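Notes follow the structure.
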Amino acid sequence: MSDKPINIGIIGMGTVGGGVTELFATQAQTYAKRIGKPVQVSKVLVLNVAEVPADRKEHIADGVLTDNADDFWSSDFEILIELMGGTGAAYTFVKKALEAGKHIVTANKALLAKHGHELFGLAHKNNVSIAFEASCGGGIPCITALKYGLMANQIGGLYGILNGTCNYILTEMTQKNKTYDVALKEAQEKGFAEADPYLDVSGADTAQKLSILASLAFGVHIEGSQVEHIGVDILDLQDIQFGAELGYDIKLLGTAERKEENGPVSVKTQPCFVHKSDLIANVHGPMNALSVYGHAVGHTMYYGAGAGRYPTASAVVSDALNIASGWYGAAFAQMNLTPDCNDPAELVAKEDIESRYYLRFNALDVPGVIAKVTTILGNKDISIAAVMQHESNPGEFTPIVITTHDAKQGDLDSAITEIEALKEIDGNLVSIRIAEFASDS
Ligand SMILES: NC(=O)C1=CN([C@@H]2O[C@H](COP(=O)(O)OP(=O)(O)OC[C@H]3O[C@@H](n4cnc5c(N)ncnc54)[C@H](OP(=O)(O)O)[C@@H]3O)[C@@H](O)[C@H]2O)C=CC1
Ligand SMILES: N[C@@H](CC=O)C(=O)O
């Protein structure tokens with residue numbers, strides 16, 4: 001075993017940073033044995049040393065913590081772990097480190113979804129690597145599975161619960177009758193949410209992760225901004241309850257599909273109804289799950305904690321150890337697996353994406369309303385799977401739920417416009433995708 005330690009610099013000592021320094025300090029001997037050389041955190045840059053909570057300083061050796069940028073950048077670390085988040089200063093710092101010949105470990109999906117193409121290219125140019133396991137699925141090694149474990153396959157599609165905060169909120173609302181606001185506050189207190197939780201609840205975080213995963217899966221380049229996203233912040237409790245009556249649970253899913261080899265890719269992030277018997281319906285709390293279909297392997301699924309201090313630190317520290325051991329940098333240099341090695345993806349137009357839908361609208365309880373709605377749907381080639389209406393007082397507005405068979409998003413959108421214009425319909429129609437996944441596709 002070599003005695004010379006590999007030095008690591010860290011920027012950001014928040015939720016994840018605290019877990020990473022703790023793992024390096026408490027597991028140092030095990031890690032040294034596993035990779036054949038010692039690894040140590042040699043510098044940690046924070047905004048203000050005085051403001052770092054005492055429990056996060058506990059595992060940092062004297063002289064390591066600094067809020068002096070010159071002190072940090074002049075130290076001789078070989079691997080930079082970026083854990084500050086965002087796409088501003090994080091972008092500048094990662095670029096600076098790559099140009100200085102340092103390897104990068106990052107959990108920052110926002111950064112990679114926006115600047116990944118450029119940063120991976122810069123890493124290749126400077127003969128260093130970027131490891132990013134924690135950027136998708138928290139502690140689940142799903143990027144390693146996609147990049148290396150499934151390399152033999154043509155990937156036909158993937159879908160998953162990729163945001164722990166949203167899954168926590170939906171679980172607490174549906175299983176424990178908590179309000180959205182209470183559940184979100186708890187997710188923030190537990191360290192699952194982003195510094196700006198709007199990124200979580202709007203579906204933007206899931207869209208960023210989906211762009212990274214779909215780029216790897218299909219060997220293309222997709223930016224986060226190209227993935228349309230609808231979040232859990234638009235959900236109405238009555239729809240979750242109607243869905244439950246029909247046998248569905250609600251989940252925020254990222255889905256990506258490619259029907260033909262080298263064909264166009266469809267990507268979307270939105271709340272979906274999934275049948276209660278589906279595996280994905282049984283993923284609760286901050287847990288995430290990613291399902292990937294490969295033409296040779298068939299259907300695979302990866303499950304685990306998608307957010308939180310230690311699960312995320314697990315992925316970050318494993319990345320750093322893989323780089324320190326030497327194999328990761330060699331694989332990064334030799335293989336063409338990152339988006340900078342690929343062309344931009346051809347994306348399926350939003351209006352051509354097909355799915356089943358749940359529709360709910362408030363209609364006057366008078367004869368002929370449902371016939372008018374079903375005629376509009378029929379004229380757009382949208383066939384109905386079920387209709388549900390609770391008893392109400394004649395002449396009052398009452399919610400009516402319709403589920404459809406597969407329909408194109410464009411046809412559905414124009415049908416919705418016509419339905420909302422009917423004088424018997426009050427307010428907006430709610431549409432929620434019903435996601436169906438064959439176990440072998
Ligand atoms: N939390 C989780 O479960 C997961 C997080 N991630 C990702 O990991 C990264 C870190 O997340 P998390 O630890 O939760 O975030 P936190 O907000 O808890 O921590 C970020 C830390 O970075 C500090 N910081 C901000 N700007 C600078 C700067 N210029 N120099 C030094 N420090 C700075 C912040 O200081 P201050 O507080 O003073 O602003 C804060 O302490 C993010 O990219 C996030 O998306 C990925 C997977 C899971
Ligand atoms: N805020 C994110 C953290 C992990 O990426 C989440 O809730 O999943």
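If you're wondering where the values come from, they're calculated on a predicted model, not measured in any experiment. Throughout, residue positions are numbered sequentially from 1 according to the sequence presented. Whatever order the structure lists ligands and atoms in, that order sets their numbers, starting from 1. Reckoned from all heavy atoms, side chains included, excluding hydrogens, waters and symmetry mates.
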Residue selection (non-hydrogen contact nearest atom 7 (C) of ligand 1) among Cys136, Ala305, Ala107: Ala107
Option of least heavy-atom distance to atom 7 (O) of ligand 2 (set: Thr165, Ile161, Val201, Leu199): Thr165
Contact (N/O only, under 3.5 Å) between Ala307 and ligand 1: no
Heteroatom distance test (Gly308, ligand 1): nitrogen or oxygen, under 3.5 angstrom: yes
Aromatic ring proximity His299/Tyr293, centre distance under 6.0 Å: no
Parallel, tilted or perpendicular: rings of His115 and Tyr91 (30°, 60°): parallel
Residue Ala134 vicinity, atoms of ligand 1 by number, heavy atom under 4.0 Å: 46 (C), 47 (C)
Proximal ligand 1 atoms for Gly85, defined as those under 4.0 Å from one of its heavy atoms: 42 (C), 43 (O)
Proximity winner for atom 26 (N) of ligand 1, if only heavy atoms of Met84, Met13, Lys190, Glu82 are counted: Met84
Pick from Thr87, Thr15, Ile10, Val16: the one approaching atom 18 (O) of ligand 1 most closely through a non-hydrogen atom: Thr15
Working for side chain to side chain donor-acceptor pair (under 3.5 Å), residues Glu133 and Thr144: CA-CA 7 Å; Glu133 185 59 76; Thr144 302; 2.5 Å; yes
Location of contacts on Ala107 toward ligand 2, heavy atoms closer than 4.0 Å: neither
Non-hydrogen atom of Gly191 closer than 4.0 Å to ligand 1: yes
Whether His124 and Phe332 hold their rings parallel, tilted or perpendicular, with breakpoints at 30° and 60°: parallel
For atom 33 (C) of ligand 1, the protein heavy atom that lies nearest, with its residue and separation: Leu47 CG, 3.7 Å
Ligand 1 atoms in contact with Gly12 (distance to a heavy atom under 4.0 Å): 22 (O), 32 (N)
cation_pi(Lys102, Phe77) dist<6.0 Å, angle<=45: yes
Sub-4.0 Å atoms of ligand 2 with respect to non-hydrogen atoms of Ala193: 1 (N)
Ligand 2 to Asn288 polar contact by distance, N or O atoms, under 3.5 Å: no
His221 and His117 aromatic ring geometry - parallel, tilted or perpendicular at 30°/60° bounds: parallel
Min heavy-atom dist Gly138 to ligand 2 below 4.0 Å: no
Thr312, portion touching ligand 1 at heavy-atom distance under 4.0 Å: side chain
Distance filter under 4.0 Å to Ile11 heavy atoms, resulting ligand 1 atoms: 30 (N), 31 (C)
Enumerated ligand 1 atoms positioned under 4.0 Å from heavy atoms of Val46: 31 (C), 32 (N)
Heavy-atom pair with the smallest gap, counting every atom of Gly294 and Ile155: CA-CD1, 4.1 Å
Per-atom contacts, ligand 1 versus Leu83 - under 4.0 Å to a heavy atom: 10 (C), 20 (C), 21 (C), 22 (O)
Region of Thr106 that comes within reach of ligand 1 [heavy atoms, distance under 4.0 Å]: neither
Within reach of ligand 1, part of Glu194 (heavy-atom separation under 4.0 Å): side chain
Atom indices of ligand 1, in the order listed, that fall short of 4.0 Å to a heavy atom of Leu45: 31 (C), 32 (N)
Atom indices of ligand 2, in the order listed, that fall short of 4.0 Å to a heavy atom of Gly164: 6 (C), 7 (O), 8 (O)
N or O pair under 3.5 Å between Asp200 and ligand 2: yes
Min N/O separation Ala307 to ligand 2 under 3.5 Å: no
Any non-hydrogen protein atom less than 4.0 Å away from atom 37 (O) of ligand 1: no
Per-residue contact class, Lys109 against ligand 1 - non-hydrogen pairs under 4.0 Å: side chain
